[in-house]
There are 2 protein chains.
Amino acid sequence: MGVKERKERDKVEMRDKILQSAQHLFLAKGFDQISIRNIAEAIEYSPATIYLYFKDKNEIIHALHLDGFRLLVRHFEPLVKFTDPFERLIEMGNAYIKFATNNPGVYELLFVRTEPMKHITNRLDEEWKEGDRAFDVLFQTVSQCQQSGHFKGLDTQNLSMMIWSFIHGLCSLGISNHITHVKEARDKKLVVDAVMASTYQTFQTVMERLKA
Amino acid sequence: MGVKERKERDKVEMRDKILQSAQHLFLAKGFDQISIRNIAEAIEYSPATIYLYFKDKNEIIHALHLDGFRLLVRHFEPLVKFTDPFERLIEMGNAYIKFATNNPGVYELLFVRTEPMKHITNRLDEEWKEGDRAFDVLFQTVSQCQQSGHFKGLDTQNLSMMIWSFIHGLCSLGISNHITHVKEARDKKLVVDAVMASTYQTFQTVMERLKA
DNA sequence: ATCTAAAAATAAACACCGTTTAGTAATTTT
DNA sequence: AAAATTACTAAACGGTGTTTATTTTTAGAT
């Protein structure tokens with residue numbers, strides 16, 4: 001009488017298959033190439049079948065969104081080895097930048113595109129958990145910095161938000177090719193990275209001065 | 001023998017008409033509703049006609065892009081009344097945030113979407129002038145702050161870039177609904193604005209501490 | 001084994017999209 | 001008035017997300 005159970009497994013399997021194909025298309029050919037029809041062809045089913053497993057395309061994109069967050073969190077894991085909270089904070093920025101420049105498409109999905117957020121909107125508490133957790137890693141580190149006597153008189157939440165805003169702004173400008181105003185833009189990819197690096201270096205200096 | 005002249009005027013007029021319709025569609029119904037077919041219907045011509053005046057859709061979007069920059073620059077104009085460079089810097093941030101939150105679509109067009117930048121890519125020098133000029137306003141102000149003795153030992157270009165990154169990050173997160181991790185998100189619009197305001201307040205404090 | 005009801009998959013259509021091509025209509029030049 | 005140029009468009013191509021009606025497959029009961 002394990003029919004029901006098997007069917008449920010099959011359903012999950014199919015969902016996974018769809019998501020895998022979507023992710024593959026996304027990573028191989030970019031956001032625009034995630035189309036229901038492309039996914040359908042990849043899994044060798046008709047486009048309509050996909051709608052038996054997902055409400056609409058946004059739900060698929062949102063699922064990819066979650067996967068992206070897991071990848072980001074994985075970038076943060078090695079940070080535990082930095083015992084000094086300030087050092088960890090700085091390295092967290094480097095990890096974040098590395099994640100963004102190595103996975104620009106994923107980054108765009110997580111923090112630039114509005115589609116995945118639209119899908120959430122209502123039931124925020126359940127769905128934005130991953131975002132909360134990632135932000136909390138930052139929050140905790142900032143908090144520990146303050147316990148060590150840094151950043152006196154600044155609100156932890158606001159300061160964390162400020163740091164995130166800066167780092168996100170830098171990554172977002174870099175990825176969207178908006179840093180090209182730098183005159184010596186010969187080999188672009190390299191120059192953008194260089195600008196991001198020296199800008200972050202400056203930020204680092206600023207944060208160090210703020211220690212006192 | 002003013003036939004040629006009249007025809008040239010007509011051509012310009014038609015271009016304007018197309019752009020006006022595009023802008024109207026954009027502001028009224030959002031980025032996605034800028035379609036060649038919608039524009040064509042609005043100006044009561046066939047879709048194919050539009051291609052006699054613009055190479056492709058990207059060229060139209062890029063033209064809107066330029067208009068958006070003019071709007072941004074207009075937001076900066078009242079800043080001349082602040083004679084103290086640091087005060088002007090802070091107010092510039094307020095003006096930028098105001099521009100972004102009042103014109104989220106336009107902001108997205110200018111600094112988030114990659115389409116308009118794609119269109120530029122090659123001939124950067126001619127086309128990214130507006131961007132250069134806007135950045136220069138910031139650069140000059142930061143420079144004047146340093147001449148007044150602030151921000152000692154920091155590279156002007158890097159510091160300007162850092163400030164822009166922060167402000168852009170804040171606006172970008174706000175507009176794309178990525179600030180919703182704040183728990184007390186009841187009336188969203190309001191809360192997002194509040195978070196942006198207090199984050200910017202913190203940034204302001206940080207910059208003030210950096211004066212010395 | 002057969003019939004039936006439920007579940008799964010799909011073909012085909014709808015309403016869009018950007019863009020191109022080939023042909024028509026209007027205008028200017030000769 | 002005829003020829004040449006310019007302005008315009010109908011129709012098609014290949015794409016998109018999504019829905020509806022229909023068919024195929026599967027499961028359970030007789």
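Values reported hereafter were calculated over all heavy atoms of this structure, with side chains retained and with hydrogens, waters and symmetry mates removed.
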Can a salt bridge be assigned to the pair B:Arg70 and B:Asp67 using a cut-off of 4.0 Å between side-chain N and carboxylate O?
yes
Going 5' to 3' along nucleotides 17-22 of chain D, which nucleotides have protein heavy atoms under 4.0 Å from the base (write B), which only from the sugar-phosphate (write S), and which from neither (write -)?
BBB---
How many whole angstroms separate atom CZ of B:Phe54 from atom P of D:dA7?
15 Å
Within this structure, what is the CZ-to-P distance between B:Arg9 and D:dA7, rounded to whole angstrom?
14 Å
Rounded to whole Å, how long is the line connecting atom CD of B:Glu41 with atom P of C:dA15?
14 Å
Could you walk me through whether A:Arg15 and A:Glu59 pass the salt bridge (Lys or Arg N to Asp or Glu O under 4.0 Å) test, one step at a time?
CA-CA 11 Å; A:Arg15 259 189 82 103; A:Glu59 196 170 299; 3.6 Å; yes
Please confirm whether the shortest side-chain N or O distance from A:Thr49 to OP1 or OP2 of C:dT10 is below 4.0 Å.
yes
Tell me: CG of A:Asp10 to C1' of D:dA27, nearest whole Å?
14 Å
How many whole angstroms separate atom CE of A:Met14 from atom C1' of D:dT26?
15 Å
Hey, does the side chain of B:His168 reach the backbone of B:Val112 with a donor-acceptor pair shorter than 3.5 angstrom?
no
Can you tell me how the ring of A:Phe151 sits relative to the ring of A:Phe86, calling it parallel under 30°, perpendicular over 60° and tilted otherwise?
tilted
Please verify the inter-ring angle class for B:Phe31 with B:Phe26; under 30° counts as parallel, over 60° as perpendicular, anything in between as tilted.
perpendicular
Sub-3.5 Å donor-acceptor pair from the side chain of A:Arg37 to the main-chain atoms of A:Pro47, do we have one?
no
At 4.0 Å (heavy atoms only), tell me whether B:Tyr53 reaches a base, stays on the sugar-phosphate, or touches nothing.
sugar-phosphate
Rounding to 10 degrees, work out the angle separating the end axes of the helix from C:dA1-D:dT30 to C:dT30-D:dA1 (five pairs an end).
30°
Length of the line joining A:Ile50:CD1 and C:dA11:P, which is rounded to integer Å
13 Å
Rounding to a whole Å, what distance do you find between B:Asp32:CG and D:dT16:P?
17 Å
Less than 4.0 Å between a side-chain N and a carboxylate O, is that true for A:Glu44 and A:Lys17?
no
Send over the distance from B:Glu59 CD to C:dT19 C1', rounded to a whole Å.
14 Å
Plane angle bin for B:Phe111 and B:Tyr107 - parallel if under 30°, tilted between 30 and 60°, otherwise perpendicular
tilted
For the residue pair A:Ser46 / A:Thr49, report whether a side-chain donor-acceptor contact shorter than 3.5 Å exists.
yes
Distance below 4.0 Å between B:Tyr45 side-chain N/O and D:dC8 OP1 or OP2:
yes
